[in-house]
Amino acid sequence: MSVIQDYQASTKTGKIANFVDTRMGASKMVKEFGRKLFPDHWTFLFGEVALYSFVIVVLSGAFLTFFFDPSMAHVVYDGAYKPLYGVEMSAAYASALDISFEIRGGLFMRQVHHWGALIFVAAASVHMLRVFFTGAFRRPRELNWVVGSVLLILALAAGFTGYSLPDEVLSGNGLRIIDGVMKALPVVGTYMSFFFFGGEFPGDQIIPRLYSLHIMVVPALIILMVAIHLFMVVVHKHTQYPGPGRKHTNVVGYPVGPVYAAKAGGFFFIVFGIIALISGFLQINPIWTYGPYDPSPVSAGTQPDWYIGWVDGILRLMPGMLGDFSMLWHIPMPWGWNALPLGVLIPLIPAGVLIVGMVLWPWLERGMTGDNREHHILDRPRNAPGRTAVGVAGVIFYCVMWAAASSDLMAVYFMLSLNDVAYALRFLLIFGPIIGFIVTKRICLALQRKDREIALHGRETGIIEWTPEGAILERHEMVDDYRLYELVAYETQQPIPAQPNNKGRVGLWSKFKAACSRAFYEDRVEPVTAQELAEAHAEHDQDRRKLQGSVGRTVQELEGKRDNS
Amino acid sequence: MKALSQNRRHPMVGVALLLLGLLLTGGLYSLASNINSASAYSQADYTSADNISDGETLFNANCASCHGIGATGGPAGPSLVGVGAASVDFQVGTGRMPLQMTGPQGQEKQNQFNEEQTMQMAAYVHSLGAGPSIPEDEYLDADHADVNLARGGELFRVNCAMCHSASAGGGALTRGKYAPTLHGVEEEHIYEAMVTGPQNMPVFSDSNLTPEDKRDVIAYLKEFETQGYPGGASLGSLGPVAEGLFVWTGGLALLIGFMVWMTTRSS
Ligand code: HEM
């Protein structure tokens, strides 16, 4: 301590820095964080994009709070937008219109907020896919995967609560669907809906309540979760792609300070710039066209923002009748009939499966691989065919639901029958993931075989050489050692057979696990071993020598001829 | 410039003059015909015997194969007795009739008849039984002093948006049927659509929506067309789907481009 106090800085900046440092110990923090290494790969930046767009959404949202009035009090609009002049509406909608037409820069800020939100959730989703397909969620990072999943769900909550605030017909229709889904739940449904809306839908409570959630509860939770998320990234250190010199025990990359920090700072402004450009040139959510919310009108082409689309889509896909079998059941009760709308309840199952499957995936995979080691080196997706295939199946499942949310637009713009679009999507919802799984797994295995081929025999150059003896050989170009390392350094998983329990019996559950494990890992391409490599290379060297020998001879013969003539 | 003044009778001058003349007459003609377009024909035209008989000739040549002689219904078309002049003017004026092919819904195409011929067929159908007639100019005038835009908007959202969408961009109905976009539809045809209810559209009779109400709706739709997009390019007015599509294509592509650029420098 005394050493630090004795230190006298010679420059003015030095003095200020020293003053702060002796009181806050900032140099220790800089030392700790500034020396953290970050590997450099573009796919590692999706998380950053999500973080930066969140910051931009918070900043623009703060601007909106100055002018937005989250109240459902009735007012008569007397603002600048002519086609709504004199219309009765809620104060919330009127103030959102004022932000758009009267507050200087308000429309731009609304658009920044909304485009930023769309990009925020998109970036977070792609970030999640990157983590999944590279296996970055494996031990020790499973908990961070769970935190990330919670963040994604919170992002959806932030988006949905925000989308509903302006209180126009479009978002009101969305709330009406939420109300319907709540009321469909047996026994508790009606109570839940009344509790949520503070009475019969829509009531006069919902906008202020959503507002509290949207600007306080949800963002605070997001910020908390982001802090935990980033803290864990620092504790675990970042993963890296396989490469020469990259081990489980090291990180190859740039230290945070100064280069990486400068780059990251610059990147923030790039993201900001892109969002600002988009917001300046492209209109988003023109709330004035939808009119004030009123439960009677429902507009064609009503869709939620993209990240809620999949839930809307699965509701659309669910048939209300299957032949003569109605999905609306009436359960006799002592006090009369209770309705059980299976058409609304059944879609909750696939949605739940997708979310629970996502959260639990690290454990599901471990159940099948039995692999409980730490992993700091990422998998190339092709080197984990089972996981990659499940990922693609999940993406297809999600995308079919997502596409179903725009079934009406597909019907109109591609001149199709709305019914046929629904039939096709229902078929795809069930068979798409299965086909996707099989095809993806085959593609991965084929790519692995190609890698193996290249490692052993080099790249085919397409140059055919003909030796004077008449042998025809294609010239193969050996890959350099760096590339070679990437091609051969991976692990495969063996399927684990069903394990007997402590009574010595093989239970159904463990049979099921074994079946999954087999489906995932039975077919596999083992990495090239050092011995195989040595043998293959020896063979090629021989070929090459033969070829070189004969070429040498040809030249001599030619020269001999010239000498003779 | 110099070359032009020296060579006054440039060979292209004649062509240019001709073009100018054509443009002028064309422009004047379209101006004149625009002024008259709403309803160039008075009620009297529908009762003139000449027009009715000319209309009958046209009808027998072009429409009777489906609608039957005397328009009493045929193998491939309904009876037109009592559908009114407005229905003919709408169906023929928007190019729906003569129907090109059967399908879930008759399609619009290039108008096959000029205004006079349309009027004559309308007069003929009108003579077979009274029905809604072609609207008066007064009810088509979006700039009329009594127009109430906000009311038009409310009526539109309550009566039309469920099929045509809030932004009037159109929407899907079952089995390949659809409500078309209303952008760029003429005032006269909007009115006639409401009053006759073509195909899967319901009829909005005068007791439902008074002629003044209809005018408000028309004015609202026209305002929509002319107000433009305050927030920038509209992405087709398709709402959240187009916005999401843009984020996942253009938006992410832009970001990824920069991400790759940020990280290639070093390796
Ligand atoms: C702490 C951060 C945030 C604040 C203070 C905030 C504030 C606001 C306010 C005041 C509005 C209403 C104004 C209006 O609708 O024009 C709004 C709307 C909205 N917010 Fe937020 N927000 C925040 C975070 C988020 C996040 C994280 C998301 C999405 C992931 C989001 C998505 C939306 C959306 C989609 C709307 C509707 C925008 C529109 O009107 O078009 N917000 N927000």
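What you see is a predicted model, and the numbers here were worked out from it, not measured in a lab. Here is how names work: the chains are called A, B, and so on, in the same order as the sequence lines, proteins then strands, and each is numbered from 1.
Nearest approach of B/Pro230 to A/Leu107, heavy atoms of both residues: O-CD2, 3.6 Å. When all heavy atoms are compared, the tightest approach of B/Thr263 to A/His41 is CG2-C, 3.7 Å. Closest non-hydrogen pair, A/Tyr290 versus B/Ala166, comes out as CD2-CB, 3.8 Å. Across all their heavy atoms, B/Ser234 and A/Gln283 have their closest contact at CA-CB, 4.5 Å. Of all the heavy atoms in B/Met262 and A/Phe267, the pair that sits closest is CE-CB, 3.7 Å.
Among residues 202-225 of chain B, the residues having any heavy atom closer than 4.5 Å to a heavy atom of chain A are, in sequence order, B/Tyr220, B/Glu223, B/Phe224.
For the side-chain contact (heavy atoms from CB on, under 4.5 Å) criterion with B/Pro240, the lone passing option out of A/Asp305, A/Leu118, A/Asn285 is A/Asp305.
Contacts with chain A were tallied for B/Asn148, B/Asn159, B/Val241; B/Val241 has the most, counting heavy-atom pairs under 4.5 Å. When the candidates A/Ser406, A/Ala122, A/Ala405 are compared by the number of heavy-atom contacts under 4.5 Å with chain B, A/Ala122 comes out ahead. Note: B/Gly231 leads B/Ala150, B/Ala242, B/Gly231 in heavy-atom pairs under 4.5 Å with chain A.
With a threshold of 4.5 angstrom between heavy atoms, A/Ser407 does not approach chain B through any atom at all. Heavy-atom distances place the side chain of A/Tyr423, and not its backbone, under 4.5 Å from chain B. The contact between A/Phe281 and chain B is made entirely by backbone atoms, counting heavy-atom distances below 4.5 Å. Residue B/Leu252 touches chain A through its side chain alone, counting heavy-atom pairs closer than 4.5 Å. Neither the backbone nor the side chain of A/Ile275 comes within less than 4.5 Å of any heavy atom in chain B. Contacts between A/Met415 and chain B at a heavy-atom distance below 4.5 Å involve the side chain alone, from C-beta outward. With a threshold of 4.5 angstrom between heavy atoms, B/Leu173 approaches chain A through N, CA, C or O but not through any side-chain atom. The parts of A/Leu45 that come within reach of chain B are both its backbone and its side chain, each placing non-hydrogen atoms under 4.5 angstrom from that chain. Interface residue A/Gln111: only side-chain heavy atoms are found under 4.5 Å from chain B. Within the 4.5 angstrom heavy-atom criterion, no atom of A/Tyr77 approaches chain B. Interface remark: A/Ala411 contributes side-chain atoms only to the contact with chain B (heavy atom separation under 4.5 Å). For B/Leu235, the part sitting under 4.5 Å from any heavy atom of chain A is the side chain, from C-beta outward, and nothing else. Within the 4.5 angstrom heavy-atom criterion, only side-chain atoms of A/Leu409, from C-beta onward, approach chain B. Contact annotation for A/Phe44: neither backbone nor side-chain heavy atoms come within less than 4.5 Å of a heavy atom of chain B. For A/Phe101, the part lying near chain B is the side chain, with the backbone staying farther off; criterion is any non-hydrogen pair under 4.5 Å.
With rounding to the nearest 0.5 Å, the separation of CZ in B/Phe258 from CD1 in A/Ile274 is 5.0 Å. Considering NZ of A/Lys82 and CD of B/Gln227, their distance stands at 9.0 Å, rounded to 0.5 Å. Note that OG1 of A/Thr302 is 11.5 Å distant from CE of B/Met162, once rounded to the nearest 0.5 Å. A distance of 11.0 Å separates NZ of B/Lys177 from CG of A/Leu418, quoted to the nearest 0.5 Å. To the nearest 0.5 Å, atom CZ of residue B/Phe246 and atom CH2 of residue A/Trp306 are 14.5 Å apart. Rounded to the nearest 0.5 Å, atoms CD1 (A/Ile270) and CG (B/Leu254) are 11.0 Å apart.
Residue B/Tyr229 places its OH atom among more than 12 non-hydrogen atoms of other residues, nucleotides or ligands, all under 6.0 Å distant. The environment of OH in A/Tyr85 is sparse: at most 12 heavy-atom neighbours from other residues, nucleotides or ligands sit within 6.0 Å. Residue-environment remark: NE2 (B/His183) exceeds the threshold of 12 foreign heavy atoms within 6.0 Å.
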Might you work through the side chain to side chain contact (heavy atoms under 4.5 Å, CB included) test for A/Val126 and B/Ile256, ending with a clear yes or no? CA-CA 11 Å; A/Val126 181; B/Ile256 290 177; 6.0 Å; no

